[in-house]
Amino acid sequence: MRTSQFLLSTLKETPADAEIVSHQLMLRAGMISKLAAGIYTWMPLGLRVLRKVEKIVREEMDAAGAQEVLMPAIQPAELWEESGRWAKFGPELLRLTDRHDRTFCFGPTHEEVITDMVRRNLRSYRQLPANFYQIQMKFRDETRPRFGVMRAREFLMKDAYSFHLDADSLADTYERMRQAYCAIFDRTGLTYRMVEADTGSIGGRASHEFHVLADSGEDAIAFSNDSDYAANVEMATSLISDAQLDAPEQEIQRVATPGKRAIGEVAEFLGLPLDKVLKTLLVKGAESPVVALLLRGDHELNEIKADKLPELASPFEMATEEEVRVAAGCTPGSVGPVELTVPILADHAALQMADFVCGANSDDEHLTGVNWQRDLPLATGVDLRKVVAGDASPDGKGILNIARGIEVGHIFQLGETYSQALGATCLDEQGKDRVLTMGCYGIGVSRVVAAAIEQHHDDRGIVWPQALAPFEIALVPINMRRSELVRETTEKLYADLMAAGYDVLLDDRKERPGVMFADMDLIGIPQRLVIGERGLAEGNVEYKQRSAESSKDIPLVEVMERLTAG
RNA sequence: CGGGGCGUGGCGCAGUCUGGUAGCGCACUUGACUGGGGGUCAAGUGGUCACAGGUUCAAAUCCUGUCGUCCCGACCA
């Protein structure tokens, strides 16, 4: 491709409404163009990258035995009523009415459609297991679309659905998908982690998320420094430490803490570290009106874990100020477990505190020097908190680090939720009708593009991994219009590289070198060859990797082999 | 959903408070010079000032409403 025939719509200035670097760079590089909130046109440069991701995904899905289909973006409401999701889905579901007053939605996902396709077309266990995928635009009417294509309303997604007669078959395909996902993300050249994930309301046994690591990621991931263990922070279990409980040294004492409500204020006021202060949260209970949750002051409640406790109301909800007043007789800031008459659940770490501070169940007062067993009975220990960096890895190997990640893939075992609701069945070997069990596997294709930039950029622009780059090699001739030699050499190189199968971008614009360099850097072409008279006089061209600090001269005659060598 | 900001040429912004013929930088066009990291000079193109209504002799500017867009928040005691 020649720049003279390619829309290179680069900007020097950063558009004001782009918050994160991938969004800024995608706009500046001219990859995307905004049409409305969360809705973007993929321009030629951006589309090339999107297609690279798609190609990798498609190849690996095919290799893993999945069959490609393409389902409608517009889906009839009836189908969603059958699955029960027409009512369940909120305003995120974009609903439409056609001229005949029939109701539709723009598909945010395709479980219903695929299950319908399967129930109409699959009859026999001989056709199973079957795994279908598509790469398609979805629409979710997010409350607050942001970060460009990272969290867009319209986005390109690969979704796959597998169908099985039994759980073993599902587990087989699930494992195959897990491996296919690893192959896919390996090939992108991105640094990622596969993590254990919350199966959420959908249920099912196994669930893994794939996260591209980047500081701007919206999710926190905990992973061991000494094993393969990795989990969403929401999911990571905290190990019960076997450390001995320190013996009490202080007497229990009531102290005034006027106006100190937040745990940090109390600790600061008393001149104590956060981990000496016990945090008491009152939440709505399942059977009693409120339940107290105890955490060490420096730990945070993991609501996902709390939500799963049978003692608590589901969904998880904090008690109101009035409920706190009724149960503890004080404002939320002064609640403590001593002589509290509601059910108490304590995080394991909270049970190992000694001589700690807690609320006194009286406004503006706290207790110091509190100790388990002596001053109050040992509470029931549960896993309540979010893990923090430095915690022991739950598999017993190494300690946990925490990194930010961008969720780009999610696989999970769906079970019979949709096949049951829609009546997707097949005959088994005995000729009996059996409800199919399903797996579901997604990849946010357009999000991968943004995630790649979040992970690979510098102050000059994008630094594409070779596998995702819109072009692999940039040819930058210096003074092509004045020098016959430069022009001929460049044209020959261009033809040779194209013939060798490279995606090459020849910058044949009538621009000054600085402009060409800046543009090639901004759009992130991983390799660059500069052809100038100066170098050619020595028989050299200048080679530079986008990620490298400096360039080096290489003999023109060796260019082809040097590039092939990487 | 709640709160806040912003809508002025393709992009970034000034002008709004204090009403009086719409400006700057970048980009774009043409020419000259220049020619290895966003160059210089000159001449140009391009704007119903988001939209609707109102006040006024006069509205980008004041008032009312609508729409768009961005940010923050949705309760860790």
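Every chain is numbered from 1, with letters handed out A, B, ... down the list of sequences. The figures that follow rest on heavy atoms only: side chains count, while hydrogens, waters and symmetry mates do not.
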Distance check, C1' atoms only: G31(B) and A14(B), in whole angstrom units. 31 Å

Does any nucleotide pair with A27(B) by Watson-Crick or G-U wobble geometry, both distances under 3.5 Å, and what is it? none

Rounding to an integer number of Å, can you tell me how far Asp519(A) CG sits from G37(B) P? 15 Å

In whole angstrom, what separates Phe517(A)'s CZ from G35(B)'s C1'? 11 Å

Identify whether any heavy atom of Leu301(A) sits under 4.0 Å from a base atom; if not, whether one sits that close to sugar-phosphate; answer base, sugar-phosphate or nothing. base

Parallel, tilted or perpendicular, as decided by the 30° and 60° cut-offs, for the rings of Trp80(A) and Phe89(A): perpendicular

Pair partner, G73(B) [Watson-Crick or wobble, under 3.5 Å]: C1(B)

Inter-nucleotide C1' distance (C62(B), G19(B)), Å rounded: 8 Å

For Arg482(A) and Glu533(A), run salt bridge (Lys or Arg N to Asp or Glu O under 4.0 Å): C-alpha distance rounded to whole Å, both residues' side-chain angles, the deciding distance at 0.1 Å, then the answer. CA-CA 10 Å; Arg482(A) 294 266 173 85; Glu533(A) 283 206 302; over 6 Å; no

May I ask which nucleotide in the shown strands pairs with G7(B), Watson-Crick or G-U wobble, both distances under 3.5 Å? C67(B)

P spacing across the pair G5(B) / G10(B), given as an integer number of angstrom: 27 Å

From C-beta outward on Arg482(A), which listed nucleotide comes closest to its side chain: G37(B), U34(B), A77(B)? U34(B)

Heavy-atom count around Glu92(A) CD within 6.0 Å, excluding the residue itself: above 12? yes

For the CG atom of Leu506(A) and the CZ atom of Phe471(A), what is their distance to the nearest 0.5 Å? 10.5 Å

Nearest-Å distance for atom pair NZ/P, residues Lys279(A) and C75(B): 14 Å

Please measure how far the P atom in G4(B) lies from the corresponding atom in A77(B), and state the result in whole Å. 25 Å

Classify the side chain of Arg528(A) versus the base of G37(B) as yes if they form a donor-acceptor pair under 3.5 Å and no if they do not. yes

Would you call Arg146(A) and Glu19(A) a salt bridge, using N to O less than 4.0 angstrom? no

Check RNA chain B against residues 12-25 of chain A and give the residues with a non-hydrogen atom under 4.0 Å, in numerical order. Lys12(A), Glu13(A), Thr14(A), Pro15(A), Ala16(A), Asp17(A), Glu19(A)

For a quick check of understanding: with a heavy-atom distance under 4.0 Å over all strands, which category does Val530(A) fall into, base, sugar-phosphate or nothing? base

Under a 3.5 Å limit for both distances, which nucleotide forms a Watson-Crick or G-U wobble pair with A32(B), could you say? U40(B)

Expressed as a whole number of angstroms, how long is the span from Leu295(A):CG to C76(B):P? 12 Å

Heavy atoms only, 4.0 Å cut-off, all strands: where does Pro513(A) land among base, sugar-phosphate and nothing? sugar-phosphate

Any side-chain heavy atom of Arg447(A) sitting closer than 4.5 Å to one from Glu407(A)? yes

A50(B) and A22(B): how far apart are their P atoms, nearest whole angstrom? 14 Å

Atom CD of Glu511(A) and atom P of U40(B) are separated, to the nearest Å, by 13 Å

Is Val476(A) touching bases, backbone alone, or none of the nucleic acid, heavy atoms closer than 4.0 Å? nothing

First encountered from the 5' end of RNA chain B, between Lys544(A) and Met318(A): Lys544(A)

Nearest-Å distance for atom pair CG/P, residues Leu35(A) and G10(B): 15 Å

Does Arg512(A) contact G35(B) through a side-chain donor or acceptor facing the base, at a distance under 3.5 Å? no

Is any side-chain heavy atom of Arg28(A) closer than 4.5 Å to a side-chain heavy atom of Pro15(A)? yes

Whole-Å gap separating P (C75(B)) and NZ (Lys284(A)): 13 Å

Roughly how many Å apart are U21(B) and G47(B), using the C1' atom of each and rounding to a whole number? 14 Å

Check ion pair Arg487(A)-Glu484(A) (N to O, under 4.0 angstrom): yes

By nearest-heavy-atom nucleotide on RNA chain B, the more 5' of Arg153(A) and Leu522(A) is Leu522(A)

With P as the reference atom in both, quote the distance from C51(B) to G25(B) in angstrom, rounded to an integer. 25 Å

Classify Arg460(A) by what it touches in the nucleic acid, base, sugar-phosphate, or nothing, heavy-atom distance under 4.0 Å. base

Which part of the nucleic acid, if any, lies within contact of Lys34(A), taking any heavy atom under 4.0 Å across all strands shown: a base, the sugar-phosphate backbone alone, or nothing? sugar-phosphate

In whole Å, I'd like the distance from the NE2 atom of His299(A) to the P atom of A77(B). 15 Å

Is it the case that G38(B) (base atoms only) and Arg28(A) (side chain only) share a donor and an acceptor within less than 3.5 Å, ignoring hydrogens and angles? yes

For C62(B), the Watson-Crick or wobble counterpart (both distances under 3.5 Å): G54(B)

Tell me, do Ser216(A) and Phe147(A) make a side-chain contact under 4.5 Å, heavy atoms counted? no

Using the P atom as the reference point in each nucleotide, state the distance between C41(B) and A27(B) in Å, no decimals. 12 Å

So, do Val357(A) and Leu278(A) sit near enough that their side-chain heavy atoms are less than 4.5 Å apart? no

Between A77(B), G37(B), U69(B), which nucleotide has the shortest distance from any of its atoms to the side chain of Ile263(A)? A77(B)

